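Only a predicted model underlies this, so the values are computations on that prediction, with no experimental measurement involved. First the proteins, then the strands, lettered A, B, ... as listed; each starts at 1. These numbers come from the heavy atoms of this one structure, side chains and all, not from hydrogens, waters or symmetry mates.
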Amino acid sequence: MAESNSDSNSQIGTVRVKRGLADMLRGGVIMDVVTPDEAKIAEDAGAVAVMALERVPADIRRDGGVARMSDPSMIEAIQQTVTIPVMAKARIGHFAEAQVLESLGVDYVDESEVLTPADEAHHIDKWAFTVPFVCGATNLGEALRRISEGACMIRSKGEAGTGNIVEAVRHLRSILGDIRKLTQADEAELFDWAKQLQAPLGLVQEVAETGALPVPMFCAGGIATPADVSLVMQLGAEAVFVGSGIFKSEDPAPRAKAIVEATTHYRDPAMVAKVSRGLGEAMPGLEIGTLETKLAERGW
Amino acid sequence: MPEDLVAIDGIILPGGESTTISMLLESSGTFEPLSELLSHGLPAFGTCAGMILLSNEVLDGRNDQRSFDRIDIAVRRNAFGRQIASFEKQIDVRGLAEPFQAVFIRSPGVESVGPEVEVLATIELDKEIEIPVLCRQNNILVSSFHPELTDDLRLHQMFLSEL
């Protein structure tokens, strides 16, 4: 089949095309993988996409040092192994890493706080790219700032690499709670909301009218069990990113499968119970109070 | 779930990841009962992944990927390339007066169609090759693009008129 579409009325990289892939991932699980073998396990378990990276957040946290974009050969090896979409992470503000990832043909770029930020004031101008971006957010203002920069998917940040769901819940509740409040605000109050949220008025008005972000909102950071997935999906997440929670657990393949099943059947406690049986040890968790670095605080 | 299939008049299989959908249909015990209904004439509209699931031949699929074999087309997954090659364009559809804005996301491509299949829309690749993107066989309608990503309901109406 022909490689490219030569027709002149055909457009790539439109907002609809970029947000469209995020729409297609709704209800699914995106899994962090560090090798082609892990990518295969993720695809076999029913992941809708994989995030290719060199170290999962739990290891980044343990090892310290500067965390950067992955080696292109590793990303390519994963692209060759699976047929589902492959995402990869760039550092916050590091548009050159994002350009490299786009040239590799990754399907989504995650401008991620899990890596060491490259710019302490500016995020990447994501409108300048054909590849779509996902960005993390801890609150509604941050989510809308990322969308104003061109993000086509938002994920609540949680606290990556901890196996502790508490921060993900805090961020989801903050974002969705403020959306609910916005829908109750009158026109005059929206100006103040925009100021408080430090977000563009137009986006604030749009959210107030529709009662939802203009892009899909997924959940990340701290998911370790099928019940964790059910919790965040019931709170309003539309899909989940699972990082260390799968491949830092005792037996990754069955856990990966169980997390996929729980994401599909999140409203059915009997089903969540069924898939939760006999999974072995979950990843060891960390108390948020004991952390030296809170990754969620990166990003502005 | 199988109990959700009771008394339905038709089914829409929307976009998503076909390998995942196929796996979950299997593990929830929905594949067999749905396959049974489809073989007894349940109308279906499949878009993108849904097209793959209704086709009789899947190319570049996973070995364990199953399809319902309800429309005589061979479909290649991700035939247009990765996300950066995903596109939208206006297409002409047989039976619709005005063009349709079609959104293609890592779309499957139809490589061959059987004699029973009506091709309702095509796109031209490299000036030479016409690729079918909307096909119908009896009451099975499939598109390689996503009408669910626009507000244009004409294809949904076309499907509903068959019920």
Residue selection (most heavy-atom pairs with chain B, distance under 4.5 Å) from A/M24, A/H265, A/M271: A/M24
Winner by heavy-atom pair count (cut-off under 4.5 Å) against chain A, out of B/I105, B/T150, B/N78: B/I105
Contacts with chain B made by residues 30-44 of chain A (heavy-atom distance under 4.5 Å), listed by residue number: A/K40, A/E43, A/D44
Engaged part of A/T83 at the chain B interface, taking heavy atoms whose separation is under 4.5 Å: both
B/F87 to A/V17 - nearest heavy-atom pair and separation: C-CG2, 3.6 Å
Which portion of A/A47 sits near chain B, non-hydrogen atoms under 4.5 angstrom: backbone
Side-chain touch B/Q83/A/P85, heavy atoms, less than 4.5 angstrom: no
Value rounded to 0.5 Å, distance of CG in A/L21 from CD in B/E17: 9.0 Å
Within 6.0 angstrom of B/F100 CZ, more than 12 heavy atoms from elsewhere: yes
Best-contacting candidate, A/Q79, A/K257, A/R19, against chain B by heavy atom pairs under 4.5 angstrom: A/Q79
Toward chain B, the part of A/L25 with a non-hydrogen atom under 4.5 Å: neither
Residue part contacting chain A, namely of B/S28, when any heavy atom lies under 4.5 Å: side chain
B/E118, CD atom: more than 12 neighbouring heavy atoms under 6.0 Å: yes
Heavy-atom contact with chain A under 4.5 Å, split by part of B/R106: side chain
Within 6.0 angstrom of B/E98 CD, more than 12 heavy atoms from elsewhere: no
Distance, nearest 0.5 Å, that separates CG of A/N9 from CD of B/Q101: 7.5 Å
Side chain / backbone / both / neither for B/I84 at chain A, heavy atoms under 4.5 Å: both
Top contributor to chain B interface from A/D23, A/V131, A/V48 [non-hydrogen pairs under 4.5 Å]: A/V48
Contacting moiety of B/S86, where chain A heavy atoms sit under 4.5 Å: both
Positions in residues 54-67 of chain B that reach chain A, provided some heavy atom is under 4.5 Å away: B/D60, B/R62
Option that, when pairs with chain B are counted at under 4.5 Å, heavy atom only, ranks first among A/V106, A/D268, A/V260, A/T14: A/T14
